[in-house]
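To keep things clear, I will list the structure first and then write my remarks on it.
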Number of protein chains: 2
Amino acid sequence: MARWEPGTRARLQAAALELYATRGFEQTTAEQIAQAVGLTERTFFRHFSDKREVLFDGQEAFLRAFLDGLDAAPPGSSPLEAVASALATAAALFPDERRAHSRLRQTVIDAEPALQEREVHKRAILAATVARALRDRGVDEPAATLAAESGATVFWVAFAQWIAAAETRSLAELTADVLDRLRGLAVAPVVTRGVVPGAVPGGS
Amino acid sequence: MARWEPGTRARLQAAALELYATRGFEQTTAEQIAQAVGLTERTFFRHFSDKREVLFDGQEAFLRAFLDGLDAAPPGSSPLEAVASALATAAALFPDERRAHSRLRQTVIDAEPALQEREVHKRAILAATVARALRDRGVDEPAATLAAESGATVFWVAFAQWIAAAETRSLAELTADVLDRLRGLAVAPVVTRGVVPGAVPGGS
DNA sequence: GTCTATAGTGCGATAGAC
DNA sequence: GTCTATCGCACTATAGAC
């Protein structure tokens, strides 16, 4: 391992993130990313199936964390208890040191619909995988899908909070809080702020 | 409205769905779709921003139904009660006559990752819009997002059931059932089928 | 309606690692 | 010799600019 620099993928990812953040996703060509790390466009596409995918690597580890968390839940746990365990395990993948990086990456994604599409697709795959794992644990449908989608939603709501400007709490703390709020949804039948009738102008 | 054939968009959509279903999405070029209805490729892209979008038109009406359903909920309703109202209104957009068409369309989408990305993106936009409407009704965060995402999940779970092979129940009936199951999730702490310890081979 | 950049693919050639 | 990462080149279709 001397002829070629190791960590090619990681260097392509870093270069892509920086270029997307500065010039914008559409204005950045695959050739520019490749040249930034001394490679050709063709090599870029050998590592990543398309320009979007370079920002969505490492989701496998994230998915595995979720599944490991499910496995860690004691047998006989309710679907939501198992999901709570998965959330805690997954949240541990995002220590505070990663916060700045996650923030920059999300800024890039939020600026580009094409990237948002890829992101929600990855999120959908996660939820579907968790649902399958729950079914394997003996949870029937539609409970498995509902619990899995709810867990995913809790994670992304907490994640958005975690990378919000002034936020300092850990992701683990935030996921636990949001999960509690979800539990309260089904049983708390009152709105918390004052209702303003007619505040939503109905169209048509 | 006499110089050109009316319903151009609808005819392009029908031709696209048929071609995607027979030749496959990737194997179908925009030019083929356009020529199938006597137009040029350029005209296709004037009506639809890309090849995927031709399958995702009419989401505005769907979104409006959801919002109208929210408005129909009495002031002071809980977030989930408001969502239940929205689900009923939205489900009414899918009478049984549409079932066959929805089935074919979903078959095409399920066969192509690029189309799945667009679909989940549209679903995400729906959930975000519902969340905003709930905030306008006085629901705070994260309750608004949690309720909106839960409502969206309920709809799509019910929708998948509605277009399943042997299904005959109406979409309205199915959304109501799935919503009840969701309500039970947070309070029902037991799995319904027998738990088989060790049934999930834990890796590593 | 034409013209063009570029995303993304297929295949072959090269060259180091083993 | 095999295996694998990289490069080079030709090519199509998308999508947007003019």
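When reading the values below, keep in mind they use all heavy atoms of this one structure, side chains included, and skip hydrogens, waters and symmetry mates.
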Residues in salt bridge (charged side-chain N to carboxylate O under 4.0 Å, His left out) contact with Arg169(A), at least two apart in sequence or another chain: Glu167(A), Asp177(A)
Any side-chain N or O of Thr43(A) under 4.0 Å from OP1/OP2 of dC7(D)? yes
Angle class for the Phe94(B)/Trp162(B) ring planes (parallel below 30°, perpendicular above 60°, tilted otherwise)? perpendicular
What is the distance, to the nearest angstrom, from the CZ atom on Phe44(A) to the P atom on dT6(C)? 15 Å
Roughly how many Å is it from CG in Leu115(B) to C1' in dT14(D), rounded to a whole number? 15 Å
Given atom CZ of Arg46(B) and atom C1' of dC18(D), what is their separation to the nearest angstrom? 15 Å
Rounded to the nearest Å, what distance is computed from the CG atom of residue Leu12(A) to the C1' atom of nucleotide dT6(D)? 12 Å
Length of the line joining Gln32(B):CD and dT12(D):P, which is rounded to integer Å: 14 Å
Write down the protein N/O and nucleotide N/O pairs, taken from nucleotides 7-10 of chain C, whose separation is under 3.5 Å; answer none if there are no such pairs.
unit_1, atom_1, unit_2, atom_2, d
dA7(C), OP2, Ala30(A), N, 3.2
dG8(C), OP1, Arg52(A), NH1, 3.2
dG8(C), OP2, Lys51(A), N, 3.0
dG10(C), N7, Arg42(A), NH2, 2.9
dG10(C), O6, Arg42(A), NE, 2.5

By ring-ring contact (aromatic ring centres under 6.0 Å, His included), which residues pair with Phe56(A), not counting sequence neighbours? none
Can you list the residues that meet the side-chain hydrogen bond (donor to acceptor under 3.5 Å, both in side chains) rule with Arg99(B), with sequence neighbours excluded? Asp96(B)
Could you list the donor-acceptor pairs under 3.5 angstrom formed between side-chain atoms of residues 37-47 of chain B and any protein atom two or more places apart in sequence or on another chain?
unit_1, atom_1, unit_2, atom_2, d
Thr40(B), OG1, Thr43(B), N, 3.4
Thr40(B), OG1, Thr43(B), OG1, 3.1

Please enumerate all residues that pass salt bridge (charged side-chain N to carboxylate O under 4.0 Å, His left out) together with Lys122(B), with sequence neighbours excluded. Glu53(B)
